[in-house]
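Scroll down for the structure; my scribbles are underneath it.
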Protein chains: 2
Amino acid sequence: MQPSNVVPPARFGAQARLRALQSDIMELILDRELEPGDALPTENELCLALGVGRNTLRESLKVLQALGVIEIRHGFGMFVAPSNFEALADGLIFRGRLSLRHHGLEARQLVDVRHALEAGLIGSAMDEMTAEQLAAVEESVIRMEESAEAGEAFVEADAEFHRRLFEPLSNELLLNLLGVFWKVYRKIYTEVGPGVEDLPALAAVHRNIYSAVAAGDKARAARELTHHFEGFRQRIREAVGE
Amino acid sequence: MQPSNVVPPARFGAQARLRALQSDIMELILDRELEPGDALPTENELCLALGVGRNTLRESLKVLQALGVIEIRHGFGMFVAPSNFEALADGLIFRGRLSLRHHGLEARQLVDVRHALEAGLIGSAMDEMTAEQLAAVEESVIRMEESAEAGEAFVEADAEFHRRLFEPLSNELLLNLLGVFWKVYRKIYTEVGPGVEDLPALAAVHRNIYSAVAAGDKARAARELTHHFEGFRQRIREAVGE
DNA sequence: ACCGTAGCGGATGTCCCATGTCCCCCGAAC
DNA sequence: GTTCGGGGGACATGGGACATCCGCTACGGT
């Protein structure tokens, strides 16, 4: 009936079996040479093919959906999906917020990871940056400055600035990862941040980063990025130190 | 029937509702001030508290488990978990393998991300490294060399080497992330790798990295790491170019 | 002939229930 | 005091029923 890959003697841990089922589904996608965008078999067909019940199957399917492996469209079908890190961000944000209730260790580590990523990569990004890309970065800075002058927050321009900074690496996966940490940072920021932000100062920090990049001074660019994060680390310490 | 926080007019996408449920569960953990290791309410209690059926709840729960937010122990209960990136690695490995069927773009990007992480962080790690930690790194290299001489593969020593290299940063989260990319790299490596590995050469590469670190030469350390990855990028190109 | 809409079929979403499995706890026996 | 085994609670799995949604098609009006 089934390929014999089902339920050894159930002697394995339940957790391992669920992971095995996820692997089986991914293996099936690879075996059938499905490409992103292609439809998967229906739930019932998968139940039969994998020899598990619909509930069990759906639990694995949902996990794969959260991991961005598949996309599920209600009433239509399931498809191999392009990358999607949304769920990862949510999980990390949760961990950061959870840690803020204690000593904020993980929150600081999350910020440190973003810091390490950006400071470590800025040099390579500068090597590859074209004049157009540099101009795009400055455009984001200008939008920040305009917003700051008008007293408006500039979340969007901030995200764009950092994205454009690393676009020259032309690594979509890396940009997604940086985007995740940007989002995590942003969330932790609003959690521990002060009621009012010093918008002009924040815009100035980005202006400094830009000018270091424009000058081709990698060491200074990394240093300016460090400033960008250092103040925030301090604030976390204060927030949990109370 | 249910508390009324359910299904506005069901006008929302199904995907969004599932994500909202996950958020609700995480909010509930934060509200009740549960710490890692604490037990969550039972499934039935959560069903009542959140106003959803058990299956729907379980699908969200499994996602949170995969994200490392909670830990489910069969027959005992559910608990707030320490970080766990296992599922993330599986998802990334899948994407890499999937891309190898075509042009290997994502596989190369995955390797590039690991490269960028390690090369970008090695400098900071060297700043913080103590003599004991340096000795531990060399110990891993020696184990590699011994294994290579005996003609045995050294997967474990390899993982340990890279982990010890970045332990000085004392950022558990970052080490987990690097561990994920190590695992992804390893998997892609065995997928496209040659039947036989040049073990002595591989050990020598690590020896070179170590000596650059021991000498305190950051630029050379980053360069040696680049060598470590460059050959592999080439092999991916060959594997998909055939 | 064209277009808008109502209806149909199929697939996923949600839920409940029954049964299997596992784990911790505690009491009894040694 | 230690060990073994039963009990009870909690999760795991499977199946079925019904709700909901989506894309397609066929009908009817213009």
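In what follows, chains carry the letters A, B, and so on, assigned in the order in which the sequence lines appear, proteins first and then strands, with residues in each chain numbered from 1.
- The nearest whole Å value for the distance from the CG atom in B/L18 to the C1' atom in D/dC21 is 16 Å.
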For residues 164-172 of chain A, which side-chain N or O atoms pair as donor and acceptor with protein atoms under 3.5 Å away, sequence neighbours left out?
from	atom 1	to	atom 2	distance (Å)
A/R164	NH1	A/A136	O	2.8
A/R164	NH1	A/E139	OE1	2.8
A/R164	NH1	A/S140	OG	3.1
A/R164	NH1	A/E160	OE1	3.3
A/N171	OD1	A/L173	N	3.1
A/N171	OD1	A/L174	N	3.1
A/N171	ND2	B/Q109	O	3.2
A/E172	OE2	A/R163	NH2	3.2

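- For the pair B/L21 CG and C/dT14 P, the computed distance is 9 Å after rounding to whole Å.
- The side chain to side chain contact (heavy atoms under 4.5 Å, CB included) check on A/A89 picks up A/V180, A/K183, with sequence neighbours excluded.
- Because its NZ or CZ atom is both nearer than 6.0 Å to the ring centre of A/F79 and within 45° of the ring axis, A/R73 counts as a cation-pi partner of that residue.
- Atoms CD1 (A/I72) and P (D/dC21) sit 16 Å apart, rounded to a whole Å.
- Between B/E86 and A/R19 there is a salt bridge, since a side-chain N of the basic residue sits under 4.0 Å from a carboxylate O of the acidic one.
- What separates CZ of A/R54 from P of C/dC16 is a distance of 15 Å, to the nearest Å.
- Distances shorter than 4.0 Å separate some side-chain N or O of B/T56 from OP1 or OP2 on C/dC15.
- Note on B/R17: a side-chain N or O is less than 4.0 Å away from OP1 or OP2 of C/dT14.
- Atom CD in A/E59 sits roughly 7 Å away from atom P in D/dA12 (whole-Å rounding).
- Under the 6.0 Å cut-off for aromatic ring centres, A/F232 and A/Y185 qualify, their centroids lying closer than that.
- When the side-chain nitrogen and oxygen atoms of A/K62 are compared with OP1 and OP2 of C/dG13, one or more of them lie within a distance under 4.0 Å.
- In this structure, A/R73 reaches the D/dG23 phosphate: one of its side-chain N or O atoms is under 4.0 Å from OP1 or OP2.
- Using a 4.0 Å cut-off between a side-chain N of Lys or Arg and a carboxylate O of Asp or Glu, B/E33 and A/R101 do not qualify as a salt bridge.
- Between the CD atom of A/E71 and the P atom of C/dT12 there is a distance of 13 Å, given to the nearest Å.
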Filtered N/O pairs between nucleotides 9-11 of chain C and protein, under 3.5 Å:
from	atom 1	to	atom 2	distance (Å)
C/dG10	N2	A/G75	O	3.0

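- Remark: side-chain polar atoms of B/H206 are paired, donor with acceptor, to backbone N or O of B/L202 under 3.5 angstrom.
- Nucleotides of DNA chain D nearest to B/R58 and B/N55 differ in position, and the one nearer the 5' end is that of B/R58.
- Atom-to-atom, CG of A/N44 to C1' of D/dG16 comes out at 11 Å; the value is rounded to the nearest Å.
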